[in-house]
Trainee: 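Got a structure here, written out as structure tokens. Questions coming.
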Amino acid sequence: DVKVTQSSRYLVKRTGEKVFLECVQDMDHENMFWYRQDPGLGLRLIYFSYDVKMKEKGDIPEGYSVSREKKERFSLILESASTNQTSMYLCASRNRGPRGTYEQYFGPGTRLTVT
Amino acid sequence: DQQVKQNSPSLSVQEGRISILNCDYTNSMFDYFLWYKKYPAEGPTFLISISSIKDKNEDGRFTVFLNKSAKHLSLHIVPSQPGDSAVYFCAARGFGNEKLTFGTGTRLTIIP
């Protein structure tokens, strides 16, 4: 059973703080993704990584950075949190390449509130 | 530019009836489509998928239909059950792409 875990379910931070969201997967997946979910906007891709130390910008990378030092761990960093980054953050992973259903496996999400 | 659209933000269906969720896309390079289900405070879980070379895929109560000429797919749930109440997202993969593009979601409520 694939397991994707996220370090916190709920987080409250102040404007200007540096915020780290951690994600760990246990299935040796090459690809890892960070999304945010907002009402009426669906899931929007922030960044993804297809290997250790590799990263690519998604659709909304502004204000975020990422780190992937180990295959199983993918971190999302908010360098200086702002109120418009209040959202549900979702991490996902899958194997690379054309196989299976292209299903991405999601973690439970982190509800971040920036005050 | 929203390449994957779910035009109905919400849908209510009587228990036991058919639920039909719709999704439209604009990118003709999409070659694989997925449906996810999401409960509040949980991550999305995969439901069913379809390749662009097919027009129908069935898994138990869930059937996905793909109309490539209309760039439209739909998810049918028969019969609908209270546990089906959730937000449903459709997603699409571009050929050779590792990413998925998600729609905005439809909140399905099953009325007992």
Trainee: Tell me every residue that passes ring-ring contact (aromatic ring centres under 6.0 Å, His included) with Tyr88(B), counting only those two or more places apart in sequence or in another chain.
Mentor: none

Trainee: Are there residues of residues 99-112 of chain B that reach to under 4.5 Å of chain A by heavy atoms, and which ones?
Mentor: Lys99(B), Leu100(B), Phe102(B), Gly103(B), Thr104(B)

Trainee: Say whether Trp34(A) and Tyr105(A) are linked into one hydrophobic cluster, either directly or through other cluster members, by side-chain heavy-atom distances under 4.5 angstrom.
Mentor: no

Trainee: With a strict 4.5 Å heavy-atom criterion, list every residue of residues 38-64 of chain B that contacts chain A, or say none.
Mentor: Lys38(B), Ala41(B), Glu42(B), Gly43(B), Pro44(B), Phe46(B), Ser49(B)

Trainee: What about Leu90(A) and Tyr102(A), same hydrophobic cluster or not, with Ile/Leu/Val/Met/Phe/Trp/Tyr joined at side-chain heavy-atom distances under 4.5 Å?
Mentor: yes

Trainee: For Val24(A), which fellow cluster members are found when Ile, Leu, Val, Met, Phe, Trp and Tyr are connected by side-chain heavy-atom distances below 4.5 angstrom, either directly or through intermediates?
Mentor: none

Trainee: Are Val66(A) and Leu112(A) grouped together when hydrophobic residues (ILVMFWY) are joined by side-chain heavy atoms under 4.5 angstrom apart?
Mentor: yes

Trainee: Examine Ile60(A) and Leu76(A) and state if one hydrophobic cluster contains both, with Ile, Leu, Val, Met, Phe, Trp and Tyr joined whenever side-chain heavy atoms are less than 4.5 Å apart.
Mentor: yes

Trainee: Give me the atom names and distance for the closest heavy-atom approach of Phe89(B) to Gln37(A).
Mentor: CZ-NE2, 3.6 Å

Trainee: Say whether Tyr36(B) and Leu43(A) are linked into one hydrophobic cluster, either directly or through other cluster members, by side-chain heavy-atom distances under 4.5 angstrom.
Mentor: yes

Trainee: What part of Arg44(A) gets within 4.5 angstrom of chain B, counting heavy atoms only: side chain, backbone, both, or neither?
Mentor: neither

Trainee: Is it the backbone or the side chain of Leu41(A) that comes under 4.5 Å from a heavy atom of chain B, or both, or neither?
Mentor: backbone

Trainee: Identify which part of Tyr50(A) has an atom lying under 4.5 Å from any heavy atom of chain B, answering side chain, backbone, both or neither.
Mentor: neither

Trainee: Quick one: closest heavy-atom pair of Phe48(A) and Glu98(B), and the distance?
Mentor: CE1-CB, 4.5 Å

